[in-house]
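Side chains included, hydrogens not; waters and symmetry mates left out as well; all remaining heavy atoms used. Below, chains carry the letters A, B, ... as their sequence lines are ordered, and counting in each starts from 1.
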There are 2 protein chains.
Amino acid sequence: MVKVPSPNKSTVTAQDVARLAGVSRAVVSRALSNNGSVSPQSRARVEAAARQLGYQVNFLAQGLNRQRSQLIGVVVARLTDPFRSTLVNALLSAIQARGYQALVTEITDEQETGLSLRRFTQFRVSGVVVTSGQPPESIVRECIEHHIPVVGINRAQSGPSMDVVCSDNHAGAMLAAAQLRAAGCQSFIWLNYQGSTWAGRARGEAFHHALTAKGIAPECLRELQAPKDGYEGGFWAAQHSDLQHSALLPQRATTGVFCANALLACGFLDGMRQQGINAPTDFHLIGFDNTPQTAWESYQLTTIHQQVDVLAAKALDCLHERAKNPELAAQVIPVAVELVHRRTSPCVTEQTDTL
Amino acid sequence: MVKVPSPNKSTVTAQDVARLAGVSRAVVSRALSNNGSVSPQSRARVEAAARQLGYQVNFLAQGLNRQRSQLIGVVVARLTDPFRSTLVNALLSAIQARGYQALVTEITDEQETGLSLRRFTQFRVSGVVVTSGQPPESIVRECIEHHIPVVGINRAQSGPSMDVVCSDNHAGAMLAAAQLRAAGCQSFIWLNYQGSTWAGRARGEAFHHALTAKGIAPECLRELQAPKDGYEGGFWAAQHSDLQHSALLPQRATTGVFCANALLACGFLDGMRQQGINAPTDFHLIGFDNTPQTAWESYQLTTIHQQVDVLAAKALDCLHERAKNPELAAQVIPVAVELVHRRTSPCVTEQTDTL
DNA sequence: TTGAAAGCGTTACCAA
DNA sequence: TTGGTAACGCTTTCAA
């Protein structure tokens with residue numbers, strides 16, 4: 001049973017511990033941070049004193065002195081997007097597991113990324129993870145000059161200073177293309193929204209390549225662009241696609257739809273259903289992200305799964321690496337994705353996809 | 001066009017600005033923090049110098065000196081829950097709008113709440129918002145002693161030190177009960193999960209009271225308890241309810257189901273549909289939270305809306321109030337909720353509910 | 001191994 | 001109004 005004598009003095013400092021333990025501040029610091037040599041008995045006395053007084057390091061002072069806080073900055077936009085919150089959740093876990101604390105900034109506009117980074121440097125963070133927005137290269141360089149590593153997740157590499165960890169969009173698009181092909185789709189739709197993120201565009205291009213590589217004629221791939229992101233965007237796209245007509249053709253050539261993200265896919269599916277068209281009977285549908293909702297009974301979306309915890313872990317690895325070696329050339333680290341077979345494009349029985 | 005001379009010296013301090021402006025550090029500090037008197041010309045020179053050098057305050061040093069950082073701690077669990085992420089999103093916006101930065105901790109276990117608070121104090125945060133978990137009163141008191149106000153959102157008031165901002169669960173339950181009654185429901189089910197949060201239990205009790213106050217016999221209200229939270233819990237509950245039988249009775253007494261949260265409601269609806277039972281034809285369903293998904297076409301859940309931005313704003317107001325006056329008695333601040341009419345229990349045409 | 005002392009970068013008080 | 005100075009609380013040389 002630890003007994004705190006009395007919280008008379010509002011805040012207990014290393015000095016107080018030193019006094020009680022009968023040593024100097026320096027010894028206290030060394031003992032508590034396992035840094036420098038301390039005799040076993042001193043250490044014991046310090047630890048006892050610290051416990052007794054309920055001493056806790058002042059991270060502000062510690063950071064000021066070390067020129068580095070145990071903070072890691074995280075930039076995110078629209079946390080209400082299920083994929084984003086899943087990713088941030090993974091990041092928080094990873095950050096805390098490594099003994100850091102997360103300083104989170106929400107941006108509503110890509111432009112704000114830079115400002116966030118600046119504020120992070122003012123806290124002397126140990127690193128920054130950008131999950132949304134594209135920071136201006138100049139500001140990233142500022143960070144690097146302050147020895148603050150910056151890593152992006154699922155975004156374009158902007159300049160030579162920022163590492164990037166990125167789900168393998170190309171592989172994802174290939175998996176989607178292969179699945180749709182194997183399922184017998186003859187025509188294809190790529191669904192994205194206007195002003196899509198870099199990741200979305202990358203997926204679209206990869207899908208295009210994957211299809212043409214499979215010998216699909218260009219006119220068989222249409223692109224649908226919703227005026228806005230999210231569920232509503234997908235819903236809108238469904239109402240403005242002409243899939244309902246082609247699906248009703250006598251010799252219906254099954255259409256395969258690939259979406260830039262999970263929300264678009266959910267919205268699209270609902271929008272089509274509202275018109276009496278459903279997957280996989282009338283068309284096939286594959287989304288990206290594998291958010292929890294895509295697994296819900298009403299959707300059961302076939303989707304490309306992103307390993308968020310791997311993304312998070314590798315991002316932190318990156319920060320760590322680069323902190324040790326700032327001169328390192330910027331890397332792009334791919335993270336594998338997986339195709340999750342669900343109802344909107346069910347698994348096809350073994351079939352060599354060599355067409 | 002601002003020109004940064006050269007980032008030769010890694011980090012520029014107030015001293016540097018002072019030197020360039022030809023004044024002392026003190027003047028720089030006063031000029032830049034609008035605190036204390038500075039002559040117009042000094043101020044101008046300082047500002048120019050600061051801009052020229054790209055000076056940015058070191059928040060660590062500032063906080064150390066002021067004994068308070070411009071950080072606000074946020075405790076959250078399971079950020080993947082859409083309601084949580086919506087709430088945290090609102091909190092982040094509010095925190096930043098007021099010039100603070102959010103220090104976010106994810107807890108996986110209620111027990112960790114205390115540890116989070118401790119770490120927050122080590123950063124000398126200006127306040128703490130607890131959105132998950134119940135902090136031990138002793139630790140909350142520690143915070144208060146360090147002049148760090150703590151506010152909870154949607155949780156029980158634990159002890160006399162923590163303010164609480166809380167959606168009006170009672171009103172929500174009343175609205176739900178009234179709606180179901182008006183829709184003609186004769187029997188009722190309250191759906192919650194084992195080990196529910198305090199808010200969930202409070203909603204259940206309020207629902208119970210509301211019904212009995214309306215003269216509903218106790219045997220008309222059953223309670224369903226899922227073994228786990230979330231969508232899966234709701235889905236499970238649907239499979240283990242006997243609603244499918246009662247719904248098929250010849251003289252079917254329409255059943256009204258009220259759920260502790262949105263995920264349960266979505267899961268329950270899907271689970272029932274899988275058995276061929278649907279709302280509102282076979283039963284009525286009302287959820288809580290009004291998360292984005294409940295508005296999706298596949299669900300269109302009638303639900304109790306929580307005003308997350310009001311919750312966030314009032315929570316920060318609380319912190320502010322209490323920072324000014326730490327001796328204040330702990331408050332419980334209710335936030336109004338609204339009934340959102342959607343398909344699972346559609347709006348009934350004007351009807352005085354005086355039964 | 002230990003303690004004294006010099007910072008880390010700001011802010012606030014106080015005398016000028 | 002201004003500048004010197006003393007904190008703020010910690011870490012890290014550097015001698016002893």
Side-chain angles (χ1 to χ4, degrees), chain A residues 9-47 49-50 53-71 119 121-126 146-148, chain B residues 9-47 49-50 53-71 119 121-126 146-148:
Chain A
K9 212 197 161 207
S10 60
T11 159
V12 30
T13 75
Q15 185 62 267
D16 301 326
V17 178
R19 200 156 23 225
L20 181 59
V23 295
S24 72
R25 282 207 310 282
V27 174
V28 173
S29 173
R30 276 175 238 147
L32 263 32
S33 55
N34 283 326
N35 193 18
S37 54
V38 178
S39 74
Q41 46 278 54
S42 290
R43 154 155 298 142
R45 307 188 57 187
V46 167
E47 282 170 352
L53 295 175
Y55 171 72
Q56 295 173 213
V57 183
N58 180 328
F59 286 147
L60 262 22
Q62 183 183 70
L64 175 59
N65 185 297
R66 297 223 244 242
Q67 321 242 44
R68 186 106 298 141
S69 65
Q70 30 184 323
L71 252 23
R119 251 167 298 141
T121 67
Q122 297 187 270
F123 277 109
R124 299 292 186 267
V125 298
S126 294
H146 287 282
H147 306 290
I148 296 179
Chain B
K9 212 199 159 205
S10 60
T11 160
V12 30
T13 76
Q15 185 62 266
D16 301 326
V17 177
R19 199 153 28 224
L20 180 59
V23 295
S24 72
R25 283 207 309 282
V27 174
V28 173
S29 173
R30 273 175 248 150
L32 263 31
S33 55
N34 283 327
N35 193 18
S37 53
V38 179
S39 73
Q41 46 278 53
S42 292
R43 153 155 298 139
R45 308 188 56 187
V46 168
E47 282 169 353
L53 296 175
Y55 170 71
Q56 295 174 212
V57 183
N58 179 328
F59 286 147
L60 261 22
Q62 183 182 72
L64 175 58
N65 187 294
R66 295 224 244 244
Q67 322 242 44
R68 187 107 300 142
S69 65
Q70 30 184 322
L71 253 26
R119 253 168 295 143
T121 67
Q122 296 187 270
F123 276 109
R124 299 292 186 266
V125 298
S126 293
H146 286 283
H147 305 289
I148 297 179

> So, is B:S42 near the phosphate of D:dT2, with a side-chain N or O under 4.0 Å from OP1 or OP2?
Replying inline: yes
>> It should be established whether B:Q67 places a side-chain nitrogen or oxygen under 4.0 Å from OP1 or OP2 of nucleotide D:dG9.
In response: yes
> At under 4.0 Å between heavy atoms, what does A:S37 touch on the DNA or RNA strands: base, sugar-phosphate, or nothing?
Replying inline: base
> Is the distance from OP1 or OP2 of D:dG9 to the nearest side-chain N or O of A:T13 less than 4.0 Å?
Replying inline: no
> Is A:S29 near enough to D:dT12 that one of its side-chain N or O atoms lies under 4.0 angstrom from OP1 or OP2?
Replying inline: no
> Does A:G63 offer a backbone N or O that forms a donor-acceptor pair with the side chain of A:R66 under 3.5 Å?
Replying inline: no
>> Under a 3.5 Å distance rule, please check whether B:R45 uses its side chain to pair with a backbone N or O of B:A21 as donor and acceptor.
In response: yes
> Within this structure, what is the CG-to-C1' distance between B:L64 and D:dA6, rounded to whole angstrom?
Replying inline: 13 Å
>> Among C:dG9, C:dT11, C:dT1, which nucleotide has an atom closest to any side-chain atom of B:T11?
In response: C:dG9
> About how many Å separate NE2 of A:H146 and CZ of A:R124, when rounded to the nearest 0.5 Å?
Replying inline: 6.5 Å
> Closest nucleotide of DNA chain C for B:L60 versus for B:A26: which of these residues is on the 5' side?
Replying inline: B:L60
> Which whole-number value in Å describes the distance from B:Q15 CD to D:dG3 P?
Replying inline: 11 Å
>> With a 4.0 Å limit, can you tell me whether A:N58 has a side-chain N or O closer than that to the phosphate oxygens OP1/OP2 of D:dC8?
In response: no
>> Rounded to whole Å, how long is the line connecting atom CZ of A:R68 with atom C1' of D:dT11?
In response: 15 Å
> Can you check whether B:S24 has a side-chain N or O nearer than 4.0 Å to OP1 or OP2 of D:dG3?
Replying inline: yes
>> Go nucleotide by nucleotide along DNA chain D from the 5' end; which of A:Q62 and B:G22 gets its closest nucleotide reached first?
In response: B:G22
> How many angstroms lie between CD in A:Q122 and CD in B:Q62, if you round to the nearest 0.5 Å?
Replying inline: 8.5 Å
> Between B:N35 (CG) and D:dT2 (P), how many Å, whole number?
Replying inline: 15 Å
> Within the side chain of A:S33, is there an N or O that forms a donor-acceptor pair under 3.5 Å with the backbone of A:S29?
Replying inline: yes
> Is a donor-acceptor contact shorter than 3.5 angstrom present between the side chain of B:R30 and the base of D:dG3?
Replying inline: yes
> To the nearest angstrom, how far is A:Q41 atom CD from C:dT2 atom C1'?
Replying inline: 12 Å
> On DNA chain D, nearest-nucleotide positions of B:V38 versus B:R124: which is more 5'?
Replying inline: B:V38
>> Please classify the nucleic acid contact of B:V28 as base, sugar-phosphate, or nothing, using heavy-atom distances under 4.0 Å.
In response: nothing
> Between B:L32 (CG) and C:dT11 (P), how many Å, whole number?
Replying inline: 8 Å
>> Given 3.5 Å as the limit, does a donor-acceptor pair link the side chain of B:S69 with the main chain of B:F123, or not?
In response: yes
>> Under 4.0 Å, counting only non-hydrogen atoms across every strand here, what does B:F59 touch: a base, just sugar-phosphate, or nothing?
In response: nothing
>> Would you compute the distance between atom CG of A:L32 and atom CZ of A:R43 and round it to the nearest 0.5 angstrom?
In response: 8.5 Å
>> Distance check needed: D:dG4 C1' versus B:R25 CZ, whole Å only.
In response: 9 Å
>> Please report the end-to-end axis angle for the helix from C:dT1-D:dA16 to C:dA16-D:dT1, five pairs per end, rounded to 10 degrees.
In response: 40°
>> Without decimals, in angstroms, what is the distance between B:N65 CG and C:dT10 C1'?
In response: 5 Å
>> Quick check for you: to the nearest 0.5 Å, what is the distance between B:N65 atom CG and B:N58 atom CG?
In response: 11.5 Å
